[in-house]
Amino acid sequence: GSEENGGEMSDAQPMHISNASIELLNKLTTGGVQVDYRFTRQPHLYAPDMLNLQLSFTNNNTEDAGEIKVGGKRLGGGMSIHEFPGILNIAQNQTLSANLGIDFRDTTQPAQFDLVIGGR
């Protein structure tokens with residue numbers, strides 16, 4: 001408290017936010033596109049009660065990957081997802097990112113959804 005410091009305010013320590021991504025799908029599963037994710041610890045722009053999940057798509061194939069979009073969703077009661085605008089194409093050796101908003105409604109249920117990559 002401020003009384004313990006002689007009435008002076010002390011600075012709060014910064015919270016550590018990891019920049020490390022975790023592999024969600026490897027290139028063998030998707031036909032050449034690796035998908036990594038990370039929770040940014042910031043609210044999503046669409047709605048402040050949604051968590052922001054950053055997805056990174058890297059095309060490790062020798063051909064363009066085609067369109068990437070969210071497909072089917074299987075969500076628990078009250079949960080919602082704000083999809084990212086579809087990515088029309090990712091060229092070989094290119095990495096693009098998209099943000100997905102997820103409102104878990106204070107549950108521990110997983111948010112299950114499909115990613116459609118190049119029609120697969």
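Just so you know, these numbers come straight off a predicted model, no measurement behind them.
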(request) Walk me through it: do N61 and Q92 pass the test side-chain contact (heavy atoms from CB on, under 4.5 Å)? (result) CA-CA 6 Å; N61 204 344; Q92 65 185 39; 5.9 Å; no

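- Side-chain heavy atoms closer than 4.5 Å link hydrophobic residues (I, L, V, M, F, W, Y) into clusters, and following such links, possibly through other members, connects F104 to L75.
- Rounded to the nearest 0.5 Å, atoms CG (N60) and CG (N93) are 7.0 Å apart.
- The CG atom of L55 sits 8.0 Å away from the CG atom of N99 when rounded to the nearest 0.5 Å.
- Here L96 contributes atom CG and I68 contributes atom CD1; the two are 7.5 Å apart, rounded to the nearest 0.5 Å.
- Side-chain contact between S56 and R38 is absent, with no heavy-atom pair separated by less than 4.5 Å.
- Taking both residues in full, the closest heavy atoms of N52 and Q42 are given as CB-O, 3.2 Å, listed atom of the first, atom of the second, then distance.
- Using a 4.5 Å cut-off between side-chain heavy atoms of Ile, Leu, Val, Met, Phe, Trp and Tyr, with links allowed through other members, L28 and I117 fall into different hydrophobic clusters.
- Put simply, CG on L53 and OG1 on T40 are 8.0 Å apart, with the number rounded to the nearest 0.5 Å.
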(request) Run the numbers on S21 and Q54 for side-chain contact (heavy atoms from CB on, under 4.5 Å), then give the verdict. (result) CA-CA 9 Å; S21 294; Q54 183 181 55; 5.5 Å; no

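- There is no path of hydrophobic side-chain contacts, each under 4.5 Å, that joins V70 to Y46.
- Note on ring orientation: taking the six-membered ring where Trp is involved, the planes of F84 and F57 are tilted (angle from 30° to 60°).
- For the pair L100 and H82, the tightest heavy-atom approach, listed with the atom from each and the gap, is CD1-O, 3.5 Å.
- Cluster annotation: L24 and F39 are assigned to the same hydrophobic cluster (Ile/Leu/Val/Met/Phe/Trp/Tyr, side-chain heavy-atom contacts under 4.5 Å, transitive).
- Although no hydrogens or angles enter the test, the distance criterion places no donor-acceptor pair under 3.5 Å between the side chain of N89 and the main chain of E67.
- Follow the hydrophobic side-chain contacts under 4.5 Å out from F113 and you reach V33 in the same cluster.
- We find the CZ-CE distance between R74 and M79 to be 11.5 Å, quoted to the nearest 0.5 Å.
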(message) Run R105 and D49 through side-chain contact (heavy atoms from CB on, under 4.5 Å) and show every step you take.
(response) CA-CA 8 Å; R105 296 274 191 232; D49 52 348; 3.9 Å; yes

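- Minimum heavy-atom separation, Y37 to E23: CE2-O, 4.3 Å.
- When every heavy atom of Q109 is checked against every heavy atom of G76, the shortest pair comes out as OE1-CA, 3.1 Å.
- Among all heavy-atom pairs drawn from A91 and D64, the shortest one is CA-OD1, 3.3 Å.
- Looking at every heavy atom in both residues, I102 comes nearest to A111 through CG2-CB, 4.0 Å.
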